[in-house]
Amino acid sequence: MHAFDVLGDPVRRRILELLADGEQASGAVTEVVSREFGISQPAVSQHLRVLRENGFARVRAEGTRRLYALDDQGLREADEWLDRFRRFWSGHLDALATELARVQRERRLREERQ
């Protein structure tokens, strides 16, 4: 499965957001995702399996608990694919950063004059 096929699902994206905050017990992930998306525990488990099998998450056992964490392999694949397109927005983002710095500098100078 291609990285963007994995990322195309809103449930899997939400799980990745949760894991980005740090390692999470499968029960905690299931609780949030079930509440937000109205899906069952087995459905959440299937999404976790897809994330594991495609290099986006890893799991470790701690007693009877299963702890999930981000695995950057899948994210690297998506990043590599996006790399060829960065030139279309990098210049725009650089220009935005320059403009924001200019506005902040002007605001600071106005405040110093007051």
Q.
Can you give me the closest heavy-atom contact between Ser34 and Val44, atom names plus distance?
A. OG-CG2, 3.9 Å

Q.
If I take atom CZ from residue Arg105 and atom CZ from residue Arg110, how far apart are they, to the nearest 0.5 angstrom?
A. 12.0 Å

Q) Going from OG on Ser45 to CZ on Arg52, what distance comes out if it is rounded to the nearest 0.5 angstrom? A) 8.5 Å

Q) Looking at side-chain heavy atoms only, is the closest gap between Leu7 and Leu16 below 4.5 Å? A) yes

Q) Rounded to the nearest 0.5 Å, how far apart are CD of Gln24 and CD of Glu31? A) 10.5 Å

Q.
Rounded to the nearest 0.5 Å, what separates atom CZ in Phe56 from atom CG in Leu75?
A. 5.5 Å

(Q) If I compare all heavy atoms of Ala3 with all of Gly74, which pair ends up nearest, and what's the gap? (A) CB-O, 3.9 Å

Q) Any donor-acceptor pair under 3.5 Å linking the side chain of Arg14 with the backbone of Val33? A) no

Q. Would you say Asp9's side chain and Arg12's backbone share a donor-acceptor pair under 3.5 angstrom?
A. yes

Q) Could you go step by step and tell me if Gln46 and Arg49 meet the side chain to side chain donor-acceptor pair (under 3.5 Å) rule? A) CA-CA 5 Å; Gln46 286 290 358; Arg49 183 178 62 78; 2.7 Å; yes

**Q.** Approximate separation, where rounding is to 0.5 Å, of Leu51 CG and Ile15 CD1
**A.** 5.5 Å

Q) How many angstroms lie between OH in Tyr68 and OG1 in Thr30, if you round to the nearest 0.5 Å? A) 8.5 Å

Q: Say whether, by atom type as modelled, one donor and one acceptor occur between the side chain of Asp71 and the main chain of Gln73 under 3.5 angstrom.
A: yes

(Q) Any carboxylate oxygen within less than 4.0 angstrom of a Lys/Arg side-chain nitrogen, looking at Arg60 and Glu62? (A) yes

(Q) My understanding is that only residues two or more places apart in sequence, or in another chain, count here; which of them pass ring pair (Phe, Tyr, Trp, His ring centres under 6.0 Å) with Phe4? (A) His2, Trp81

(Q) Would you say that more than 12 heavy atoms from the other residues, nucleotides or ligands in this model lie under 6.0 Å from the CZ of Arg102, or not? (A) yes

Q) When hydrophobic residues are tied together by side-chain contacts of less than 4.5 Å, even through go-betweens, does Leu67 share a cluster with Val50? A) no

(Q) Is it the case that the side chain of Arg65 and the backbone of Ser26 share a donor-acceptor pair, with hydrogens and angles ignored and the cut-off at 3.5 Å? (A) no

